[in-house]
J.: 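One structure follows; several queries about it will come next.
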Amino acid sequence: MKRKVISALLCVAMATTLLAGCGSSSSTTTDTEAEETEETEEAEEVEETEEAEETEEAEETEATGSYAGQKIALVGKSAGNAFFEIAAATFVSTVEAEGGTVDVVYPEEATADAQIKVLDNLISQDYDAICLSANDTNALQAKLEEAMDAGIAVSSFDSAPNAESRQVFVNQAGTTAVAQALVDAVYDITDGAGQWAILSATSQASNQNAWIEAMEEIIANDDTYADLELVEIAYGDDEAQKSTDQTEALLQNYPDLEVICAPTTVGIAAAAKYLQDNGSSCKLTGLGLPSEMEAYTGDGDDYSCPYFYLWDMEGLGSLSAYATMALVNGEITGALGETFTAGDLGEFTITEADDGGTEIVLGLPLEFTPENVSEYAELY
């Protein structure tokens, strides 16, 4: 009996041992699987982290190679100039499409002093670039040099400060090309002889003065224009009312005046309205917006303007934007002979400007006639 009890106890003990062994084996298997799962998850996490880092590095590389994050100030001559506003709109949209931002700023009035105040304020606001249409050739130099010394890229379009005050100028059309077109228009409208006058913007506007100087040089050096008499250069300061007043004064002072040439969009629109409203026989040409000149452009006595010129203003704004962004990125420095690509506009080469600095020329001036003015008026 005792032997049977002992045997039974031994069997129970063995069974317990076997069960314990089985339990231990099962626990060990579970722990191993957990460790393998944990290792797999850690590997996946490492792989995901590496992929994320690679994606981030790729995005950073892409941003560095583009114009993302640039902060640019665009400074106009004065508020209310439709020409500038059209160019400014495409400047802004071009920069924003590349990931940058633009602040369009206007001085309180169309003077150098007012622009200097604007520039002084902008220099302290950490801009990457300033692009401006200058109200004066030389007066802005000290402030623009201060901006460049602070690491701010400086470009200009439409109206350039002097060569020392900028890195590059974006010219809507070559100075000589514009001057030649205007001189030939005056010659054509007057039939080659007679009195004519110029109605400009401000007396210090660099683009206006460059065109006027080139016109005078063309006439002086070519006997073809010997019978044209330039009687006065008047200034309407790019203000509609003052330009109207100057037009009236020109007609009073020169009863035989045959043509007024206004190389300014504000001046030509004001003069066109005054001449047509008053039934003047004096005709008009110059640089204007088709949308503002459509009602005054035509053949015969009922219209004040036979034809006039301008250029692709939207293209000018876009080209100026690309040039400015390229300066910030170091793709160009503004040096003679450099090339860069301006989006869909194509490749451009930096050339020498008339003032000894450098410029990028958009193209030739466009002629607006009674036949095409309405079509272009729908654009600008």
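Everything quoted here is computed from the prediction, not taken from an experiment.
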J.: Say you draw a straight line from OH of Y296 to SG of C305; how long is it, rounded to the nearest 0.5 Å?
T.: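 With rounding to 0.5 Å, OH (Y296) is 11.5 Å from SG (C305).
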
J.: Do S165 and L140 come close enough that some side-chain heavy atom pair is under 4.5 Å?
T.: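 No, their side chains stay 4.5 Å or more apart.
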
J.: If you measure from CH2 on W211 to SG on C261, what distance do you get to the nearest 0.5 Å?
T.: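 The SG atom of C261 is 10.5 Å from CH2 of W211, to the nearest 0.5 Å.
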
J.: Does Q246 reach the main-chain N or O of A271 with its side chain, forming a donor-acceptor pair under 3.5 Å?
T.: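 No: the side chain of Q246 does not pair with the backbone of A271.
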
J.: In terms of relative ring orientation, are F308 and F368 parallel, tilted or perpendicular, with 30° and 60° separating the classes?
T.: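 Because their plane-to-plane angle lies in the 30° to 60° range, the rings of F308 and F368 count as tilted.
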
J.: Looking at side-chain heavy atoms only, is the closest gap between M215 and P263 below 4.5 Å?
T.: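 Side chain of M215 against side chain of P263, heavy atoms only: no contact under 4.5 Å found.
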
J.: Among side-chain atoms of T202 and Q204, is any donor-acceptor pair under 3.5 angstrom?
T.: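 Looking only at side-chain atoms, Q204 and T202 do not form any donor-acceptor pair under 3.5 Å.
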
J.: So, the side chain of T190 versus the backbone of G192: is there a donor-acceptor pair under 3.5 Å, distance only?
T.: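 Looks like yes, one N/O pair under 3.5 Å.
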
J.: Return yes if a side-chain donor-acceptor contact under 3.5 Å exists between E85 and N81, otherwise no.
T.: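 Short answer, no.
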
J.: Does A295 offer a backbone N or O that forms a donor-acceptor pair with the side chain of Q276 under 3.5 Å?
T.: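 Flag set: sc Q276 to bb A295 pair under 3.5 Å.
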
J.: Evaluate the side-chain contact (heavy atoms from CB on, under 4.5 Å) criterion for residues I332 and L327: first the C-alpha distance (whole Å), next the side-chain angles of each, then the deciding distance (0.1 Å), finally the verdict.
T.: CA-CA 5 Å; I332 58 173; L327 282 174; 3.9 Å; yes

J.: Which atom names give the shortest non-hydrogen contact between Q167 and T333, and what distance separates them?
T.: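 Looks like NE2-O, 3.7 Å.
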
J.: Quick one: does S78's side chain have a donor or acceptor within less than 3.5 Å of a partner on A110's backbone?
T.: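 Absent.
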
J.: Taking C-beta and beyond as the side chain, do L144 and R166 meet within less than 4.5 Å on heavy atoms?
T.: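 Not touching, per the 4.5 Å side-chain cut-off.
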
J.: Pair K143, D120 - check side-chain contact (heavy atoms from CB on, under 4.5 Å), show working.
T.: CA-CA 7 Å; K143 194 55 61 177; D120 191 49; 3.0 Å; yes

J.: Does M325 belong to the same Ile/Leu/Val/Met/Phe/Trp/Tyr cluster as V154, with side-chain heavy atoms less than 4.5 Å apart forming each link?
T.: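 In one cluster with M325: V154, no.
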
J.: In terms of hydrophobic clusters joined by side-chain contacts under 4.5 Å, are W311 and Y307 together?
T.: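 Result: yes, single cluster for both.
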
J.: Quick one: are the ring centres of F84 and F157 less than 6.0 Å apart?
T.: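 Ring centroids of F84 and F157 are less than 6.0 Å from each other.
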
J.: Report the C-alpha distance between T111 and D113 in whole Å, list the side-chain angles of each, state the deciding distance to 0.1 Å, and finish with yes or no for side chain to side chain donor-acceptor pair (under 3.5 Å).
T.: CA-CA 5 Å; T111 65; D113 288 342; 5.6 Å; no

J.: Using a 4.5 Å cut-off on heavy atoms from C-beta on, say whether the side chain of I86 contacts that of E314.
T.: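 A side-chain contact under 4.5 Å exists here.
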
J.: Would you call the rings of Y376 and Y380 parallel, tilted or perpendicular, where under 30° means parallel and over 60° means perpendicular?
T.: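 Tilted: the ring planes of Y376 and Y380 meet at 30° to 60°.
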
J.: Any chain of hydrophobic side-chain contacts (each under 4.5 Å) joining I130 to F169?
T.: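 Shared cluster, no.
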
J.: Taking all atoms of both residues into account, what is the closest heavy-atom pair of N135 and A112, and its distance?
T.: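 Nearest heavy atoms, N135 then A112: CB-N, 4.0 Å.
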
J.: Can you confirm whether the side chains of Q70 and N329 place a donor and an acceptor under 3.5 Å from each other?
T.: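 A pair is found: one side chain offers a donor N or O, the other an acceptor, under 3.5 Å apart.
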
J.: For a side-chain contact (heavy atoms from CB on, under 4.5 Å) check, start with the C-alpha distance between L230 and L228, then their side-chain angles and the critical distance, and finish with the verdict.
T.: CA-CA 6 Å; L230 176 60; L228 293 177; over 6 Å; no

J.: For L310, which of L316, L366, V178, L287 qualifies under side chain to side chain contact (heavy atoms under 4.5 Å, CB included)?
T.: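 Only match with L310 under side chain to side chain contact (heavy atoms under 4.5 Å, CB included): L287.
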
J.: Do L364 and L345 belong together in a cluster built from hydrophobic side chains that touch within less than 4.5 Å?
T.: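 They do not share one cluster, since no chain of ILVMFWY contacts under 4.5 Å joins L364 to L345.
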
J.: Can you find a pair of side-chain heavy atoms, one from V328 and one from Y67, that are under 4.5 Å apart?
T.: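 Result no, sub-4.5 Å side-chain heavy-atom pair not found.
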
J.: Between CD1 of I268 and CE of M293, what distance do you get to the nearest 0.5 Å?
T.: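 The CD1 atom of I268 sits 4.0 Å away from the CE atom of M293.
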
J.: Kindly indicate whether the side chain of D158, heavy atoms from C-beta on, has any atom under 4.5 Å from the side chain of K77.
T.: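 D158 reaches K77 side chain to side chain.
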
J.: Could you measure the distance from the CZ atom of F91 to the CD1 atom of I72? Nearest 0.5 Å is fine.
T.: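 Between F91 CZ and I72 CD1, I get 5.0 Å after rounding to 0.5 Å.
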
J.: Taking the side chain from E232 and the backbone from L199, do they hold a donor-acceptor pair closer than 3.5 Å?
T.: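 No; zero donor-acceptor contacts below 3.5 Å.
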
J.: Counting only N and O atoms by type, is there a donor-acceptor contact under 3.5 Å from the side chain of N121 to the main-chain atoms of V118?
T.: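 Judged by distance alone, no pair lies under 3.5 Å.
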
J.: Around N221, counting heavy atoms of other residues, nucleotides and ligands shown, do more than 12 lie under 6.0 Å from its CG?
T.: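 Count over threshold, so yes.
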
J.: Check whether any side-chain N or O of K71 sits under 3.5 Å from a backbone N or O of Q125 as a donor-acceptor pair, and report yes or no.
T.: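 Checking the backbone N and O of Q125 against the side chain of K71, a donor-acceptor pair under 3.5 Å is found.
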
J.: I need the E294 CD to E375 CD distance, nearest 0.5 Å.
T.: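 E294 CD to E375 CD: 11.0 Å, rounded to 0.5 Å.
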
J.: Report, as yes or no, whether the 6.0 Å neighbourhood of atom CG on D301 holds more than 12 heavy atoms from other residues, nucleotides or ligands.
T.: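 Count not over threshold, so no.
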
J.: Do Q195 and E258 touch side chain to side chain, with heavy atoms closer than 4.5 Å?
T.: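 The answer is no; the side chains never approach within 4.5 Å.
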
J.: Would you say C282 and I260 make side-chain contact, with heavy atoms under 4.5 Å?
T.: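 Side chain of C282 against side chain of I260, heavy atoms only: contact under 4.5 Å found.
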
J.: Does atom OH of Y303 have more than 12 heavy-atom neighbours, drawn from other residues, nucleotides or ligands, at distances under 6.0 Å?
T.: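 Check fails, neighbour count at 12 or below.
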
J.: For residues T264 and Q208, is any side-chain donor paired with an opposing acceptor at under 3.5 Å?
T.: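 No, Q208 and T264 have no side-chain donor paired with an acceptor closer than 3.5 Å.
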
J.: Hey, does the side chain of T358 reach the backbone of G334 with a donor-acceptor pair shorter than 3.5 angstrom?
T.: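 Here the side-chain-to-backbone pair exists.
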
J.: Distance check, rounded to the nearest 0.5 Å: D103 atom CG versus L74 atom CG?
T.: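 These two atoms lie 9.5 Å from each other.
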
J.: Would the Y322 and F348 ring centres measure less than 6.0 Å apart?
T.: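 Ring centres of F348 and Y322 not closer than 6.0 Å.
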
J.: Mark yes when over 12 heavy atoms from residues, nucleotides or ligands other than D149 sit less than 6.0 Å from its CG; otherwise mark no.
T.: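 Buried by this count: over 12 neighbours within 6.0 Å.
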
J.: Might you point out which heavy atoms bring G267 and A262 nearest each other, and give the distance in Å?
T.: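 Nearest pair, atom of G267 first, then A262: C-CB, 4.0 Å.
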
J.: For S159 and S206, does a side-chain donor sit closer than 3.5 Å to a side-chain acceptor?
T.: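 Side-chain D/A pair, S159 to S206: present.
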
J.: Give the cluster check for L275 versus L250: same hydrophobic cluster or not, with ILVMFWY residues linked at side-chain heavy-atom distances below 4.5 Å.
T.: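 In one cluster: yes.
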
J.: Is the number of heavy atoms from other residues, nucleotides or ligands within 6.0 Å of CD (E367) greater than 12?
T.: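 Buried by this count: over 12 neighbours within 6.0 Å.
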
J.: Can E216 and I233 be said to form a side-chain contact (heavy atoms from CB on, under 4.5 Å), step by step?
T.: CA-CA 11 Å; E216 292 177 319; I233 302 173; 3.8 Å; yes

J.: Considering residues, nucleotides and ligands other than E213, do more than 12 of their heavy atoms fall under 6.0 Å from its CD?
T.: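 No, the 6.0 Å shell around CD holds no more than 12 heavy atoms from other groups.
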
J.: Cut-off 3.5 Å, side chains only: do D355 and N162 have a donor facing an acceptor?
T.: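 D355 vs N162: no donor-acceptor pair found between side chains.
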
J.: Main chain of A335, side chain of E338: is a donor-acceptor contact present, judged purely on distance under 3.5 Å?
T.: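 Checked: pair present.
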
